[in-house]
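Below: the structure, in structure tokens.
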Amino acid sequence: MSYCLNPTCQNPQNLGDAELCQSCGSKLLLTNENSPSASRYRTVKAIGQGGFGRTFLAVDETKPLTFSQCVIKQFLPQNTAAAKAAQLFHQEAAQLQTLGKHPQIPELIAHFEQDGRQYLVQEFIDGKNLARELEQKGAFTETQIRQILNDLLPVLHYVHKSKVIHRDIKPENIIRRRLSPTPLPALENSYQPSPFQKDIVLVDFGAAKKVTATGLPQTGTIIGSAAYTAPEQLMGKAVFASDIYSLGVTCIHLLTEIPPFDLFDSTEDSWAWRNYLKSAVSDDFGRILDTMLQSATNRRYSSASAVLRHLNPKPVYLEAAPVLDAPETPAERVLTPAPGLSLFTRKEQAEIQQALQEAIAPYNVTIQLSQAKQKLNIVINRTEDNPVYYPHLSQIIATRLTSLQLNKVAAVKLLGRVNNSRVPEWKQVLQIDPKIKLRNKIVLLQHNQLIKKIAPVATQEFWLPKLRNADFWIDSLMFALVWFIFGSQIVIFNSGFALIVASGFMAVKYQVSQKKEFANKNLFASLVVLFLIAGGMGNSRILNTGIFGVLLGCLVVALPLFFVKENYQ
């Protein structure tokens, strides 16, 4: 199918191989004359529309079908906004020319003018945005939002490091890439979200703004989506922290499935997002979101890296003061450890290096790992055309090393090199602090999913409803009866054996009751009869043999299977 790009066309749908629109006679193919291959773009369908133009899904007919998909943005300003739209067109092209080198930002393929209209051609991101995912699957959980933040914040750090403010972060502009390329006819039906962090992509830099040389906010055009826009941005003074605010609003929208305007309590001048949560979030995560949503910039996170530091447990490895432009010592050039002093085997060292390489893969640098005594040497190698912010990479590496729990390592030396140069341009030493290590383990334990599930047992809200339920008391008496019978009456092993049998009995009963209606009182009556019989026998030694006790214990554990209600109706 071909879609006509003439904005006044009454019937833009055409056959797939048509050259001219059957309705208005306009050309259906866009040709980039500046391209060496004279790329020919055919629009397939419209996928979005905004104040300055429209967005289309398209194919480049000069490329193989598998690699031909792309996105075309057509700028269509109103007469009063033509000058501003032209500025935004050239601005977005310039931003993407640089930012598009990041794997989580769409690459700019071409920009040109045809028939008096301006066009941007961008990389096609095969996936669905988070707004669509919210619509189809419902509210997100804390775990999912943490994953998105850990994925997106490094991208935002890269954007801000490039002196660019996005100014339009919202669910529609965050796309989750599909696991693998999908043919065009199946685009709407085969979506499967990818589990990999690198599959989150930040799109639409049409509202992005380059920060001035002074770095001070200057009053400019009020732009962006009002529901997600920071207060200072609404006054035309966007700063880097404005993107943090918009990302925070995006998070609470995904958590609650409620439009942002309905989450803000204007009478209290604060966000009331906790009142609409679909699933609970931890206190520490709630505080992170609250800080992202602060109206005053001096109380809000000032950078993406600051959010990342609070979002993840503090690394075991503490940074020492960096030494810049210092000559490399012979010890730093050692690539292999001395015999007999290896901390890890070659296989373990390769696995550690692979884990670190994956952690910083979006930054297009390579990792080289060596070991000596109780020290790891890590070389970060970049190319001349790929500037990186080493302190941020250091933070990522430290966090990854912490998760690997390399307890044998006393210190880690980081070196930054350009094209494997002999003299490093940056170096830093990370050391283990035992106090931080202990504190980090405690924090990790607090984030453990099993601990989170068990934690409600210690609350009053967990026990009060149960104490008012008759079945709870019957279950407690059942447990006591089984334990007493096996502990002192029928089989005189020990209380530990009796506890195992009683716990197994209750576990089987719980599993049965989850799937079928259960004759709770009938089972209790049967246990009472068994208790009376056992009590009447006294301490008979007839049943005091080990094998008999084990068999009888197994029978009692399986006893709830015979007391589903369908057997007694």
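One is the number of the first residue; the rest follow in order along the sequence. Worth saying up front: this structure is predicted, and the values here are computed from it rather than measured.
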### Task
Could you check Q349 against Q353 for side chain to side chain donor-acceptor pair (under 3.5 Å), going step by step and ending with a plain yes or no?
CA-CA 6 Å; Q349 179 173 321; Q353 180 167 318; 5.0 Å; no

### Task
Go through V529 and L527 one step at a time and tell me if the side chain to side chain contact (heavy atoms under 4.5 Å, CB included) criterion holds.
CA-CA 5 Å; V529 172; L527 287 174; over 6 Å; no

### Task
I would like to know whether I367 and I397 meet side chain to side chain contact (heavy atoms under 4.5 Å, CB included); could you show each step before the answer?
CA-CA 10 Å; I367 285 286; I397 290 173; 4.1 Å; yes

### Message
Show, in sequence, the C-alpha distance, side-chain angles and deciding distance for I174 and Q104, and conclude whether the side chain to side chain contact (heavy atoms under 4.5 Å, CB included) test is met.
### Response
CA-CA 10 Å; I174 303 171; Q104 290 171 260; over 6 Å; no

### Task
Just do the salt bridge (Lys or Arg N to Asp or Glu O under 4.0 Å) check on R146 and D284 with the steps written out, would you?
CA-CA 12 Å; R146 280 181 177 272; D284 60 331; 3.5 Å; yes

### Task
Decide side chain to side chain donor-acceptor pair (under 3.5 Å) for E142 and S279; before the verdict, give the C-alpha distance in whole Å, the side-chain angles of both, and the deciding distance to 0.1 Å.
CA-CA 8 Å; E142 175 182 339; S279 59; over 6 Å; no

### Message
Under the criterion side chain to side chain contact (heavy atoms under 4.5 Å, CB included), I'd like the reasoning laid out for H160 against D243: C-alpha separation, chi angles, the key distance, then a yes or no.
### Response
CA-CA 9 Å; H160 291 171; D243 285 344; 2.9 Å; yes

### Message
What verdict does the side chain to side chain donor-acceptor pair (under 3.5 Å) test give for W273 and D290, after you've listed the backbone C-alpha separation in whole Å, the side-chain angles of each residue and the deciding distance to 0.1 Å?
### Response
CA-CA 10 Å; W273 58 273; D290 286 337; 3.1 Å; yes

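N173 and N129 form no side-chain donor-acceptor contact under 3.5 Å, judged by distance and modelled atom types alone. Residues Q294 and R300 have side chains that never bring a donor and an acceptor to within less than 3.5 angstrom of each other. Side chains of T143 and T141: no donor on one and acceptor on the other come within 3.5 Å.
Atom CZ of F472 has more than 12 heavy atoms from other residues, nucleotides or ligands within 6.0 Å. Around atom CZ of F524, more than 12 heavy atoms belonging to other residues, nucleotides or ligands sit under 6.0 Å away.
Counting heavy atoms from C-beta outward, L523 and F562 have side chains that stay 4.5 Å or more apart. Residues K375 and V412 fail the side-chain proximity criterion, which asks for heavy atoms closer than 4.5 Å. Counting heavy atoms from C-beta on, the side chains of F285 and L255 come closer than 4.5 Å. Within the 4.5 Å cutoff, the side chain of N377 has no heavy atoms near those of the Q368 side chain. Counting heavy atoms from C-beta on, the side chains of L430 and Q428 come closer than 4.5 Å. Contact of the H253 side chain with the Y228 side chain is registered, since non-hydrogen atoms from C-beta on lie closer than 4.5 Å. For the pair F563 and V512, the minimum side-chain heavy-atom distance is 4.5 Å or more.
In terms of modelled atom types and a separation under 3.5 Å, the side chain of S303 and the main chain of A306 share a donor-acceptor contact. Under the 3.5 Å distance criterion, the side-chain polar atoms of W271 are left unmatched by any main-chain donor or acceptor of L263. Using modelled atom types, one side-chain atom of S246 and one backbone atom of S242 make a donor-acceptor pair closer than 3.5 Å. A donor-acceptor pair under 3.5 Å links the side-chain atoms of S513 to the main chain of Y510, judged by distance alone. With hydrogens and angles disregarded, a donor-acceptor distance shorter than 3.5 Å links the side chain of N312 to the backbone of L308. In this structure a side-chain-to-backbone donor-acceptor pair under 3.5 Å is missing from E257 to Y276. Side-chain atoms of E358 do not come within 3.5 Å of backbone N or O of A355 as any donor-acceptor pair.
Taking the six-membered ring where the residue is Trp, Y363 and H102 present perpendicular rings, their angle passing 60° and hence far from 30°. In this pair, Y301 and H310 present their aromatic rings tilted. The plane angle is within the 30 to 60° band.
In this structure, CZ on R178 lies 4.5 Å from CG on D126, to the nearest 0.5 angstrom. Interatomic distance, CZ of R287 versus OG1 of T291, reported as 9.0 Å (0.5 Å rounding). Note that CD1 of I145 is 11.0 Å distant from CG of L311, once rounded to the nearest 0.5 Å.
What you find for T256 and K278 is that their closest heavy atoms are O-CE, 3.1 Å. The nearest pair of heavy atoms linking L202 to P106 is O-CD, 3.1 Å. The heavy-atom pair separating L149 from C251 by the smallest distance is CD2-SG, 3.7 Å. Across all non-hydrogen atoms, the minimal contact from V249 to A227 is CG1-O, 3.6 Å. Across every non-hydrogen atom of L277 and V281, the tightest pair is CD1-CG2, 4.0 Å. Nearest approach of L156 to A304, heavy atoms of both residues: CB-CB, 4.2 Å.
When each of R176, Q144, K128 is checked for a side-chain hydrogen bond (donor to acceptor under 3.5 Å, both in side chains) with E133, only R176 meets the rule. Residue S225 forms a side-chain hydrogen bond (donor to acceptor under 3.5 Å, both in side chains) with just one option from E172, K170, R167, and that option is K170.
Using a 4.0 Å cut-off between charged side-chain N and carboxylate O, E123 and R177 make a salt bridge.
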